[in-house]
2 protein chains.
Amino acid sequence: MEKEELVFKNYLVSHGLKYTPERKIVFDAIISFSGHFDADTLYESIRRNKGKLSRATVYRALPHFIATGIVKESLRFEGRTHYEKSLGTEHHDHLVCLGCGKIIEFKDEKIEELQNKVCKKYSFKALDHKLGIRGYCKTCQKK
Amino acid sequence: MEKEELVFKNYLVSHGLKYTPERKIVFDAIISFSGHFDADTLYESIRRNKGKLSRATVYRALPHFIATGIVKESLRFEGRTHYEKSLGTEHHDHLVCLGCGKIIEFKDEKIEELQNKVCKKYSFKALDHKLGIRGYCKTCQKK
DNA sequence: ATTGAAATTGAGAATCAATCTCATCAATAA
DNA sequence: TTATTGATGAGATTGATTCTCAATTTCAAT
């Protein structure tokens with residue numbers, strides 16, 4: 001079993017939950033994804049490749065993947081919550097193009113530091129953050 | 001007519017839209033708000049104070065207020081989109097407490113500058129951005 | 001003031017993501 | 001084996017938001 005799978009299994013077991021075949025299917029699907037996805041895209045890809053699995057099961061599994069850090073909520077977009085793999089993925093923020101929907105990932109260490117400073121100032125214990133900059137990418141600016 | 005109202009009216013007229021009594025009612029309600037609100041809170045407050053107005057009218061008016069810069073989308077929270085007045089309000093970002101729901105506003109000039117730098121790097125034309133840090137406030141950390 | 005084109009409104013229906021229900025299954029421990 | 005507890009599937013439900021459409025209002029041009 002790969003490390004990520006073990007992490008997931010351990011999380012489940014230590015919380016009195018079970019590592020079921022269905023959850024393994026969802027796990028595999030997530031691992032095979034690169035880039036962003038939403039719950040329904042995930043569900044559809046499973047349906048196409050591995051046969052049936054309830055939509056509810058996918059929705060129910062997602063919070064567990066988030067809890068283990070295998071998946072992260074990324075942005076809200078087009079009315080849906082989008083996710084991304086976060087194991088093996090560095091934290092990053094997003095530039096979202098309103099023209100073509102393209103998402104550019106970036107990371108700025110200094111911004112992160114300054115955020116920590118802000119939290120300290122307010123005695124705020126941060127768990128995570130989301131920075132999304134909306135606008136137009138190079139290509140879309142021309143149109 | 002106050003300046004904000006004029007801004008709103010001019011925006012409407014110049015876009016072939018009309019400054020109707022209903023939109024004025026929504027305008028007044030927004031102006032009288034301080035802090036964050038969501039579409040339904042806005043609708044309810046109008047109902048209580050000024051009698052009837054369709055929920056759809058409120059929802060339909062919001063994009064126009066956003067377009068004029070009178071209102072800004074602030075955060076998505078508890079399944080709803082939250083808004084805030086932005087005329088007379090400086091841009092700021094948010095610390096969101098997952099314990100009590102409190103929202104602390106902050107602004108860090110250096111973070112803003114660094115964001116501009118990132119955009120420049122990717123030739124990205126930014127319209128707006130949203131930075132939300134989730135965690136626990138001082139009070140909730142103790143529990 | 002009247003007309004007509006275009007925008008607006010209200011009320012409820014429709015959408016759509018996300019969550020919940022509940023009866024049935026499966027796994028583990030006693 | 002049985003009891004307990006968690007998990008699943010399928011569909012119903014929720015709740016925010018958007019849409020529909022007939023009726024009304026606005027405004028510019030008669």
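Below, chain A is the first sequence line, B the second, and so on; all start at residue 1. Side-chain atoms are counted along with the backbone in the values below, which use heavy atoms only and exclude waters and symmetry mates.
Here the side chains of B:Glu44 and B:Arg48 are in contact, with some heavy-atom distance below 4.5 Å. At a threshold of 4.5 Å between non-hydrogen side-chain atoms, the residues A:Ile133 and A:Val96 do not count as touching. Contact check for A:Lys52 versus A:Ile46: no side-chain heavy atoms found under the 4.5 Å cut-off. Side-chain contact between B:His82 and B:Arg76 is absent, with no heavy atoms from C-beta onward closer than 4.5 Å. Between B:Glu84 and B:Glu105 the shortest side-chain heavy-atom distance falls below 4.5 Å.
Atom NZ of A:Lys50 has more than 12 heavy atoms from other residues, nucleotides or ligands within 6.0 Å.
Atom pair B:Leu53:CG and D:dT25:C1' shows a separation of 15 Å (rounding to whole Å applied). Rounded to a whole Å, the CD atom of B:Glu44 is 14 Å from the P atom of D:dG15. At whole-Å resolution of the value, CD in A:Glu22 and C1' in D:dG6 are 12 Å apart.
Near-neighbour residues of DNA chain D inside residues 10-18 of chain B, defined by a heavy atom below 4.0 Å, number-ordered: B:Lys18.
Bracketed by its first and final contacts, the part of DNA chain C lying under 4.0 Å from non-hydrogen atoms of chain A reaches from C:dA17 to C:dT21 in 5' to 3' order.
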Pairs under 3.5 angstrom only: tabulate donor-acceptor contacts from the side chains of residues 26-42 of chain B to other protein residues two or more places apart or in another chain.
| unit_1 | atom_1 | unit_2 | atom_2 | d |
| --- | --- | --- | --- | --- |
| B:Asp28 | OD1 | B:Lys24 | NZ | 3.1 |
| B:Asp28 | OD2 | B:Lys24 | NZ | 3.3 |
| B:Ser32 | OG | B:Ala29 | O | 2.8 |
| B:His36 | NE2 | B:His94 | NE2 | 3.2 |
| B:Asp38 | OD1 | B:Asp40 | N | 3.0 |
| B:Asp38 | OD1 | B:Thr41 | N | 2.9 |
| B:Asp38 | OD1 | B:Thr41 | OG1 | 3.1 |
| B:Asp38 | OD2 | B:Thr41 | OG1 | 2.9 |
| B:Asp38 | OD2 | B:Arg80 | NH1 | 3.1 |
| B:Asp40 | OD1 | B:Arg55 | NH1 | 2.3 |
| B:Asp40 | OD2 | B:Arg55 | NH1 | 3.3 |

**OP:** Show the numbers, then the answer: is there a salt bridge (Lys or Arg N to Asp or Glu O under 4.0 Å) between A:Glu73 and A:Lys130?
**Re:** CA-CA 9 Å; A:Glu73 276 189 31; A:Lys130 236 173 271 186; 3.4 Å; yes
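Checked by atom type and distance alone, the side chain of A:Ser123 never pairs as donor or acceptor with a backbone atom of A:Cys119 at under 3.5 Å.
For D:dG9, one of the phosphate oxygens OP1 or OP2 lies less than 4.0 angstrom from a side-chain nitrogen or oxygen of A:Thr57.
Chaining together hydrophobic side chains whose heavy atoms lie under 4.5 Å apart leaves A:Val13 on its own.
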Atom pairs, N/O to N/O, protein against nucleotides 16-19 of chain D, distance under 3.5 Å?
| unit_1 | atom_1 | unit_2 | atom_2 | d |
| --- | --- | --- | --- | --- |
| D:dT17 | OP1 | B:Thr81 | N | 3.0 |
| D:dT17 | OP1 | B:Thr81 | OG1 | 3.1 |
| D:dT17 | OP2 | B:Tyr59 | OH | 2.9 |

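When each of A:His64 and A:Arg47 is assigned the nucleotide of DNA chain D bearing its nearest heavy atom, the one mapping closer to the 5' terminus is A:His64.
Legend: ring pair (Phe, Tyr, Trp, His ring centres under 6.0 Å) pairs involving residues 118-143 of chain B, not counting sequence neighbours, sorted by first then second residue: B:His91-B:His129.
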